[in-house]
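Positions are given from 1, in the same order as the sequence printed here.
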Amino acid sequence: MKTIDELLAEGVDGKRVFVRADLNVPLADGVITDDGRIRAVLPTVKALAEAGAKVVVASHLGRPKGAPDPAFSLLPAAERLGELLGAPVAFAQDTVGPAAHDAVDGLQPGQVAVIENLRFNPGETSKDDTERGEFADALAALADVYVGDGFGAVHRKHASVYDLPARLPHYAGYLIATEVGVLKKLTEDVKRPYVVALGGAKVSDKLAVIDELLGKADRLLIGGGMAYTFLKAQGHEIGKSLLQEDQIPAVREYLERAEKTGVELVLPVDTLVAPDFPDLKTKAPANPTAVAADAIPADQEGLDIGPETRKLYASKLADAATVFWNGPMGVFEHPDFAEGTRAVAQALVDSDGFTVVGGGDSAAAVRTLGFDESAFGHISTGGGASLEYLEGKTLPGLAALED
């Protein structure tokens, strides 16, 4: 795929460059709580603006139902982008209507505009090729060139991700080029030992990547809510802990495969439990208890890996040459259940290997828990996209950028 460096060499002065970014930031009462994704696209936007382009930034935010919804407006993201750029950013209150055209027409070389949430238009996410194509045609009228830099959305067959690049000269931005380069290090000529730590709530979200990694990783460490389905599959009592009972047969098959193929699949040896799920708003003390992973009381819920598991997982990560981590080890948003996730993050910081934090909640946890982002080899902006790439899937947004 062609990169932004090639585009800059060709020249962009006065050209309208459409940048498909990922500004899908978390909001609390209209306030951005983590601006990592905005900062991730800054190098691309800055380079284009400094080269004299008229930069049109577009993104989705949340899951509005194909119509305008103030709760999902991109205005806070546009304002934050302007603060980070140190320059005014125009904001259009529609996607392809009069406001968008006025904002783009009003740009001078070197200026930036953000158009409203792409998902306010049903054509963005439509499964109908014609409807999606019509929206892509309307977006194409706003630009002369397309730059794909929204890695968190490249696994979606959406109009701005998949259909629009076919209508304009297209290039990969700095973020996508970096993300793809990192993922190749995890799939081609991997340095070993290769250790993967997987957490998060649902084992069903990780089945495909586990299936793929059982033939590639040397060690798999399992934590988070998904671990309790593994423990149940081994015949253990898990109390009120999260369980996907329908996934037990698949989990048993993976446990058997791991044993046969020599992949070390490591499960928690102890867990922190509490009678009820903690209050994440008040952060009221939950008074957790550490119990053996095979002795969870029937009236308790597992909410984080325990102290012995933290030590175990740190030791399993210590000699890794390559590490991929996706998914928190517990309910890290509550201080009583954040130590498991903190321990894994610290093990990556302490590692001499190439460490990748696989986006999503893992990336949010790293920032929430106060880690220096530069201490990791790479923090991905796309959890779902990273997982699907590791699963071996073709990602529509990357395929669309290929020539």
Side-chain angles (χ1 to χ4, degrees), residues 155 182-236 238 243-271 293-294 305 308-329 340 344 347-348 351-359 362 377 380 383-395:
H155 57 314
V182 166
L183 288 167
K184 284 184 177 178
K185 288 185 179 181
L186 299 177
T187 53
E188 301 172 13
D189 194 25
V190 182
K191 292 184 178 179
R192 298 184 180 277
Y194 177 22
V195 184
V196 177
L198 295 175
K202 295 181 178 180
V203 69
S204 56
D205 293 341
K206 305 289 196 301
L207 283 180
V209 77
I210 292 172
D211 184 59
E212 188 72 17
L213 289 169
L214 278 173
K216 294 181 178 176
D218 299 299
R219 255 175 243 143
L220 286 175
L221 314 181
I222 306 294
M226 62 185 286
Y228 301 103
T229 299
F230 276 84
L231 293 170
K232 185 71 172 179
Q234 290 183 324
H236 302 311
I238 63 166
L243 171 66
Q244 287 189 285
E245 199 157 3
D246 61 321
Q247 302 299 328
I248 287 178
V251 167
R252 282 187 180 138
E253 194 262 324
Y254 289 159
L255 288 166
E256 291 170 5
R257 267 179 59 197
E259 190 171 353
K260 287 178 183 175
T261 57
V263 175
E264 194 178 354
L265 199 157
V266 189
L267 297 177
V269 294
D270 64 344
T271 186
D294 60 358
I305 58 173
E308 294 306 314
T309 305
R310 289 176 224 151
K311 294 177 192 173
L312 173 65
Y313 285 12
S315 72
K316 297 294 183 181
L317 290 161
D319 67 342
T322 305
V323 180
F324 176 74
W325 169 36
N326 180 280
M329 295 292 108
V344 169
L348 266 66
S351 171
D352 293 327
F354 178 60
T355 58
V356 179
V357 180
S362 313
S380 179
S386 295
L387 288 175
E388 290 198 16
Y389 190 101
L390 292 182
E391 289 166 20
K393 290 184 178 178
T394 297
L395 306 189

So, for [X] and [Y], which heavy atoms are closest and what is the spacing to 0.1 Å?
X: Leu186; Y: Tyr194; value: O-OH, 3.5 Å
X: Gly199; Y: Met226; value: O-SD, 3.3 Å
X: Val195; Y: Ala320; value: CG2-CB, 3.6 Å
X: Ile305; Y: Tyr313; value: CD1-CD2, 4.1 Å

For [X], check side chain to side chain contact (heavy atoms under 4.5 Å, CB included) against everything at least two apart and list the hits.
X: Ala314; value: Ala347
X: Arg257; value: Asp211, Leu214, Glu253, Tyr254
X: Lys311; value: Glu308
X: Ala233; value: Ile248, Val251, Arg252, Leu255

Item to complete: Would you indicate whether Asp352, at its atom CG, is surrounded by more than 12 heavy atoms from other residues, nucleotides or ligands within a distance under 6.0 Å?
Response: no
Worksheet item: Is atom CD of Glu188 surrounded by more than 12 heavy atoms (other residues, nucleotides or ligands) closer than 6.0 Å?
Response: yes
In chain order, what residues pass the side chain to side chain donor-acceptor pair (under 3.5 Å) check against [X], with sequence neighbours excluded?
X: Gln244; value: Ser204
X: Thr309; value: Asp270
X: Ser362; value: none
X: Tyr228; value: Thr271

Are the side chains of [Y] and [X] in contact, using a 4.5 Å heavy-atom criterion?
X: Trp325; Y: Thr355; answer: no
X: Leu220; Y: Ile210; answer: yes
X: Leu317; Y: Leu348; answer: yes
X: Val269; Y: Leu312; answer: yes

Practice prompt. For Lys393, check salt bridge (charged side-chain N to carboxylate O under 4.0 Å, His left out) against everything at least two apart and list the hits.
Written response: Glu391
Worksheet entry | Partner set under salt bridge (charged side-chain N to carboxylate O under 4.0 Å, His left out) for Lys185, not counting sequence neighbours | none
Can you tell me how far [atom2] of [Y] sits from [atom1] of [X], rounded to the nearest 0.5 angstrom?
X: Ile222; Y: Leu267; atom1: CD1; atom2: CG; value: 6.5 Å
X: Asp294; Y: Gln234; atom1: CG; atom2: CD; value: 9.0 Å
X: Gln247; Y: Phe230; atom1: CD; atom2: CZ; value: 10.0 Å
X: Leu183; Y: Ser380; atom1: CG; atom2: OG; value: 6.5 Å

Worksheet entry | Pairs flagged by salt bridge (charged side-chain N to carboxylate O under 4.0 Å, His left out) wherever residues 193-206 is involved - sequence neighbours left out | none
Discussion item. Listing request: all salt bridge (charged side-chain N to carboxylate O under 4.0 Å, His left out) pairs with a residue in residues 212-229, at least two apart in sequence or in separate chains.
Written reply: Arg192-Asp218, Glu212-Lys216, Arg219-Glu264, Arg219-Asp319
Item to complete: Apply side-chain contact (heavy atoms from CB on, under 4.5 Å) to the pair Lys232 and Thr229, showing each step before the final yes or no.
Response: CA-CA 5 Å; Lys232 185 71 172 179; Thr229 299; 5.6 Å; no
Fill in: side-chain contact (heavy atoms from CB on, under 4.5 Å) assessment of Asn326 paired with Leu387
CA-CA 8 Å; Asn326 180 280; Leu387 288 175; 3.7 Å; yes
